[in-house]
Amino acid sequence: MSRDQPIITTYHEAGHAVMAMANGFTVTRITNVSSDVGQGHVIWQTPDPPTTASRIGSILVFASGMAADFIHWQQNGTDEHEVSLGHQDDRRQAGIHLRELGEDSQFDVYLGIAIHFLRRHDVWEWVEGFADLMTAAGTIDGQQLIHRAFLKVPKIGSAELDHLKLALDMSKRGLL
C-alpha cells in the first residue's frame, strides 16, 4: 500500500465529520483509534424522527468517508486498490436512508456529490485539519473545539440540497 492504514482511516473519518457538520449535525467525537466499532468512527446526531433533508444529509455523511479517502488517495496514493477500503458498512448504513427515500441504487450519485463538495478548498482544509489533529492525538472529543469547528465549517444550504435533488432526479432518468 502506498499509504499507511492509519492515514487512510484518518482521512475517512475526517470526511465523515466535516460532512456531518456541513449538514448541521452535532458531532461529539472523531477518532482514528481502533475499537469494537471499527478502525475509527465519528459520533454525530441527526434529528429524530428523521426528515427528508436529514436523510439526504446522512447519506452524504456516509458517502463522505469514502469521498475524503478518494481525494486523499488522488493526492498521495499509487495503489489503485486502496481507494475502496472501508466503505462496506457506510454503504449499508446509507442504504437504510436510500430505501426510505426510494433511491436504493443512488449511493454512487451521493458519493460524487460528496467528492465535489469536499474538494472545495474551504471544505478540504477542514478535512486536513481534523486529519492532522487525529494523527497527533488519535481522538478529538473536546466539545469546545468541535463546537467552534462546527460554527466555521461551510454548510450545505437549501439551494445546494435542491440542486442535489435535481441531480438525483436526472440520474434516475438516465440524464447524468
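The chain is numbered in sequence order, starting from 1.
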J.: Side-chain donor-acceptor contacts of residues 150-157 below 3.5 Å, not counting sequence neighbours, with atom names and distances?
T.:
unit_1, atom_1, unit_2, atom_2, d
Lys155, NZ, Phe150, O, 2.2
Lys155, NZ, Val153, O, 2.9

J.: Is there side-chain contact between Glu103 and His97, with at least one heavy-atom pair below 4.5 Å?
T.: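 Of all side-chain heavy-atom pairs linking His97 with Glu103, none is under 4.5 Å.
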J.: Report yes if some heavy atom in the side chain of His121 is under 4.5 Å from a heavy atom in the side chain of Glu125; otherwise report no.
T.: yes
J.: In Å and rounded to the nearest 0.5 Å, what is the CD to CD distance from Gln93 to Gln88?
T.: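 One finds 12.5 Å between CD of Gln93 and CD of Gln88.
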J.: So, taking the atom named CG in Asn23 and the one named OG in Ser58, what distance separates them when rounded to the nearest 0.5 Å?
T.: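 Output value for this atom pair is 7.5 Å.
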J.: Check Ala20 against Val27 and note the closest heavy-atom contact, atom names and distance.
T.: CB-CG2, 3.7 Å
J.: Would you say the side chain of Asp108 lies within less than 4.5 Å of the side chain of Arg91, judging by non-hydrogen atoms?
T.: yes
J.: Heavy atoms, side chains only, cut-off 4.5 Å: are Leu101 and Thr52 in contact?
T.: yes
J.: State the CG-OG1 distance between Asp141 and Thr28, to the nearest 0.5 angstrom.
T.: 8.5 Å
J.: Would you please classify the geometry between the Tyr11 ring and the His72 ring as parallel, tilted or perpendicular, with 30° and 60° separating the classes?
T.: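 His72 and Tyr11: parallel rings.
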J.: A side-chain contact here means heavy atoms from C-beta on lying under 4.5 Å apart; do Leu111 and Met66 qualify?
T.: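 A side-chain contact exists here, since the closest heavy-atom pair is under 4.5 Å.
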J.: Look up atom CD1 in Ile113 and atom CG in Leu60, then write down how far apart they are to the nearest 0.5 Å.
T.: 6.5 Å
J.: Restricting to non-hydrogen atoms, name the atom on Met134 and the atom on Ala14 that form the minimum distance, rounded to 0.1 Å.
T.: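 Heavy-atom minimum between the residues: CE-N, 3.7 Å.
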J.: Would you mind telling me which of Val109, Ile59, Ile56 makes a side chain to side chain contact (heavy atoms under 4.5 Å, CB included) with Leu98?
T.: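 Single side chain to side chain contact (heavy atoms under 4.5 Å, CB included) partner of Leu98 among Val109, Ile59, Ile56: Ile59.
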J.: Is there a side-chain contact between Ser64 and Leu118 (heavy atoms, below 4.5 Å)?
T.: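 Touching, per the 4.5 Å side-chain cut-off.
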J.: Are Val61 and Ile96 connected into the same hydrophobic cluster when the rule is that any two of I, L, V, M, F, W, Y join if their side-chain heavy atoms are below 4.5 Å apart?
T.: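 No, Ile96 and Val61 fall in different hydrophobic clusters.
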J.: Could you measure the distance from the OG1 atom of Thr139 to the CG atom of Asn32? Nearest 0.5 Å is fine.
T.: 7.0 Å
J.: Trp126: which residues meet the ring pair (Phe, Tyr, Trp, His ring centres under 6.0 Å) condition with it, sequence neighbours left out?
T.: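 Not a single residue meets the ring pair (Phe, Tyr, Trp, His ring centres under 6.0 Å) criterion with Trp126.
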J.: Determine, using the 4.5 Å side-chain heavy-atom cutoff (strictly less than), whether Leu145 and Met21 are members of one ILVMFWY cluster.
T.: yes
J.: Would you find a donor on one side and an acceptor on the other, under 3.5 Å apart, between the side chain of Thr31 and the backbone of Gly138?
T.: yes
J.: Pair Ile7, Thr135 - check side chain to side chain contact (heavy atoms under 4.5 Å, CB included), show working.
T.: CA-CA 8 Å; Ile7 295 297; Thr135 298; 4.2 Å; yes
J.: Which pair of heavy atoms, one from Ala68 and one from Trp124, lies closest together, and at what distance?
T.: O-CH2, 3.5 Å
J.: Looking only at non-hydrogen atoms, find the nearest pair between Ala22 and Phe117 and report the distance.
T.: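 Looking at all heavy atoms of both residues, the shortest contact is CB-CE2, 3.6 Å.
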J.: For the side chain of Arg119 and the backbone of Ile115, is there at least one donor-acceptor N/O pair under 3.5 Å apart?
T.: no
J.: Answer yes or no: is there a side-chain heavy-atom contact under 4.5 Å between Thr46 and Thr51?
T.: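 No. Closest side-chain heavy atoms not under 4.5 Å.
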J.: With rounding to the nearest 0.5 angstrom, report the NE2 to CD1 distance, His116 to Ile71.
T.: 10.5 Å
J.: Determine whether a donor-acceptor pair (N or O, by modelled atom type, separation under 3.5 Å) exists between the side chain of Asp69 and the backbone of Gly65.
T.: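 Not a single qualifying donor-acceptor pair exists.
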